[in-house]
Amino acid sequence: MVNVVGLGYIGLPTALMMASHGVEVVGTDYNKELVSTLNAGKTTFKEDGLDALFQRALAAGVRFTTEYQKTDVYIISVPTPYDKFSKKVDACYVVGALREVMKVCPKGATVVIESTISPGTIDKFVRPMVEASGFTIGEDIHLVHAPERIIPGNMVYELVHNNRTIGADEPAVGEKVKALYASFCQGEIVVTSIKTAEMTKVVENTFRAVNIAFANELAKICRHDGMDVYDIIRICNMHPRVNILTPGPGVGGHCIPVDPWFLVGDYPSLTKVIGEAMKVNDSMPGYVLERIAHIMRERGMTDVSRVGLYGLTYKENVDDFRESPTLQLLECQEKHLAEPLKVYDPMVKKDVVKNQYHDLDKFLADVDLVVIMVGHSELREHMDKLRGKVVLDTRNICRLPDTYTL
Ligand code: SAJ
């Protein structure tokens, strides 16, 4: 039996996927409300294919509880925030979950950490804690790091089709865990050391962050000199060895704007490019505010209360708004304006910010300048509704007249 600890964005789909592929799975989370929602037969976030997977896993016997289980394999997928001042990973949830596991696990259990951690986290925080608790690593407990790689918006597909990395001290343990993931994963599964697995995960997200920062910087250069950044990137990407990502209003979510800081925090004098790239991405919500002010001046618009932000989530077609560019922008503008800008997002049903709308038509009736922060399918399908508005399109999806880009 596998005990999946932490039933959030990664733990839940992983538990469901394993359960629906013949593995006996119990999911544990200390959040009672989350566990009772799952036990009431409801998923806790929206994701293509998740509800169907949930039903298959329930039929296969998956269970959810707040109790840690006595079993021989644990998968820990709890959040790893970063300390905003030191920029270092905060491994408190990982260490806390492991401490709970060690209270119940039998001798010889394997503990797989899926949470993203910076290189050296297991050496620095996990091993000393395990040993101080009287466990011998490699005998009483086997440590493995198997970082997840699935992308929100396509998680269920990617769980099955992505390649994976398994980091283990002992190759035989790595192979055992590989066989477990191979129950559902059709991608290639590489077995390596723990530190290499830690590093590869952070490097993958850092690569993406730096590439996006490059695109964002190009957007600023092109704006400065009247060039079309999208056309330039499109043409450059026709080169067989160039693949530039897309500029946007900022970088959100819980991975790309966070993980590269782990490297900057741990290697401050060696991360010039990464550190500067992160600053470029962080500057984008403020840059969008400057664009709004510029457009208002150019169009003779004076009423800020007639400006509305379309989209609150960190990217299209997900309901996750953690660290979203819209939230970053609102935080930035609160310093200058008494009243926050109007916001609408079809994916966010609860009230998260002031001046939030839950109906597209009502939102559009109250604004003259629409800032497209997120390219949800809803908007792409109803783009005509923006006709007659002034549009600032930070996602390059609107082809109506009177549209400005980044
Ligand atoms: N973004 C841009 N321009 C782009 C691509 C993205 O501005 O060309 C923005 C998005 O709008 C969003 C942010 O970047 O605000 C992050 O979105 P994302 O789609 O790039 O990435 P995540 O955070 O949803 O998922 C990433 C993925 N990592 C990589 O592709 C290397 C995913 O595979 C990881 O599993 C995930 O992080 C994670 O959990 O670490």
Side-chain angles (χ1 to χ4, degrees), residues 6 8-14 45 47-48 77-82 89 114-118 145-159 161-165 185 187 197-220 229-230 233-234 236-237 243-263 277-278 280-285 287-288 310-329 345 347 372-376 393-397 405-406:
Y9 287 93
I10 301 303
L12 180 65
T14 304
F45 59 95
E47 186 65 42
D48 260 5
S77 46
V78 294
T80 37
Y82 80 108
V89 72
E114 272 217 22
S115 314
T116 302
I117 45 183
S118 59
H145 180 41
E148 56 79 18
R149 278 176 164 170
I150 53 179
I151 195 149
N154 199 22
M155 283 179 160
V156 175
Y157 176 88
E158 290 205 352
L159 258 179
H161 294 94
N162 282 4
N163 303 322
R164 295 194 74 110
T165 317
C185 174
E198 288 174 324
M199 184 65 172
T200 50
K201 167 67 201 200
V202 175
V203 168
E204 288 156 13
N205 280 350
T206 303
F207 171 77
R208 193 158 172 84
V210 172
N211 194 336
I212 296 169
F214 179 58
N216 284 334
E217 191 156 277
L218 291 179
K220 289 182 179 179
V229 69
Y230 300 104
I233 291 178
R234 181 183 66 79
C236 289
N237 284 349
N243 185 14
I244 306 167
L245 289 172
T246 313
V251 172
H254 212 60
C255 310
I256 309 284
V258 175
D259 301 354
W261 286 123
F262 297 165
L263 294 177
M278 296 302 278
V280 171
N281 288 340
D282 285 351
S283 76
M284 293 313 286
Y287 179 74
V288 174
Y310 180 97
L312 177 56
T313 62
Y314 83 94
K315 65 176 187 178
E316 69 280 3
N317 303 330
V318 300
D319 59 2
D320 185 350
F321 48 82
R322 291 177 296 174
E323 320 272 337
S324 83
T326 300
L327 288 179
Q328 293 175 44
L329 186 150
D345 193 309
M347 303 294 289
I372 301 177
M373 296 292 287
V374 186
H376 289 308
D393 178 10
T394 70
R395 299 289 183 174
N396 192 33
I397 57 171
T405 54
L406 266 180

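Counting convention: from 1, in listed order, for ligands and their atoms alike.
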- Heavy-atom donor-acceptor pair, Thr326 side chain to Gly311 backbone, under 3.5 Å: yes

- Task: Indicate yes or no for a side-chain donor-acceptor contact from His376 to the backbone of Glu316 under 3.5 Å, with no hydrogens or angles considered.
- Result: no

- Task: State, with a plain yes or no, whether a side-chain heavy atom of Arg149 is found less than 4.5 Å away from one of Asn163.
- Result: yes

- Which of the atoms in ligand 1, numbered in the order shown and given with their element, are less than 4.0 Å from a heavy-atom of Cys255? 23 (O), 36 (C), 37 (O), 38 (C), 39 (O), 40 (O)

- If you measure from each heavy atom of Arg395 to ligand 1, is any distance below 4.0 Å? yes

- Task: Could you check atom 1 (N) of ligand 1 against the protein and tell me its nearest heavy-atom contact, residue, atom and distance included?
- Result: Ile212 CD1, 3.5 Å

- Message: Which of the numbered atoms in ligand 1 are under 4.0 angstrom from any heavy atom belonging to Glu204?
- Response: 31 (C)

- Taking Asn205 for its side chain and Pro260 for its backbone only, find out whether a donor-acceptor pair lies under 3.5 Å. no

- Query: Is the shortest distance from a heavy atom of Lys201 to ligand 1 less than 4.0 Å?
  - Reply: yes

- Identify the protein heavy atom lying closest to atom 33 (O) of ligand 1, giving its residue, its atom name and the separation to 0.1 Å. Arg149 O, 2.6 Å

- Message: Distance under 4.0 Å to a non-hydrogen atom of Pro152: what atoms of ligand 1 satisfy this?
- Response: 24 (O), 25 (O)

- Message: Checking the N or O distance criterion of under 3.5 Å, is ligand 1 in contact with Tyr314?
- Response: yes

- Note: Asn216, heavy atoms under 4.0 Å from ligand 1, region reported as neither

- Does any non-hydrogen side-chain atom of Val229 lie less than 4.5 Å from one of Leu406? no

- Identity and distance of the protein heavy atom lying nearest atom 31 (C) of ligand 1: Asn205 OD1, 3.2 Å

- Rounded to the nearest 0.5 angstrom, the CG-OH distance for Asp48 and Tyr157 is 13.0 Å

- Message: Just to confirm my output: which protein heavy-atom neighbour is closest to atom 34 (C) of ligand 1, and how far is it?
- Response: Ile150 O, 3.6 Å

- Item | Ion pair check, Glu148 and Lys201, cut-off under 4.0 Å | yes

- Quick check: does any side chain N or O of Asn211 sit under 3.5 Å from a backbone N or O of Asn243, one acting as donor and the other as acceptor? yes

- Message: To check your reading of the model: name the closest protein heavy atom to atom 4 (C) of ligand 1, its residue, and the distance in Å.
- Response: Thr246 O, 3.5 Å

- Flag side-chain contact, heavy atom, 4.5 Å: Thr206 against Leu263: yes

- Message: Could you identify the single nearest non-hydrogen protein atom to atom 21 (O) of ligand 1 and state the distance to 0.1 Å?
- Response: Ile256 CG1, 3.6 Å

- Message: Could you tell me, atom by atom, which parts of ligand 1 come under 4.0 Å of a heavy atom of Val251?
- Response: 13 (C), 14 (O), 15 (O)

- Note on the structure: Here the gap from Tyr9 atom OH to Arg322 atom CZ, rounded to the nearest 0.5 Å, amounts to 5.0 Å

- Task: May I ask whether Gly253 has any heavy atom positioned less than 4.0 angstrom from an atom of ligand 1?
- Result: no

- Message: Counting non-hydrogen protein atoms only, what is the nearest one to atom 13 (C) of ligand 1? Give residue, atom name and distance.
- Response: Gly252 O, 3.5 Å

- Query: So, does Asn237 use its side chain to make a donor-acceptor pair with the main chain of Ile244 at under 3.5 Å?
  - Reply: yes

- Item | Shortest protein contact, atom 5 (C) of ligand 1 (heavy atom only) | Arg208 NH2, 3.5 Å

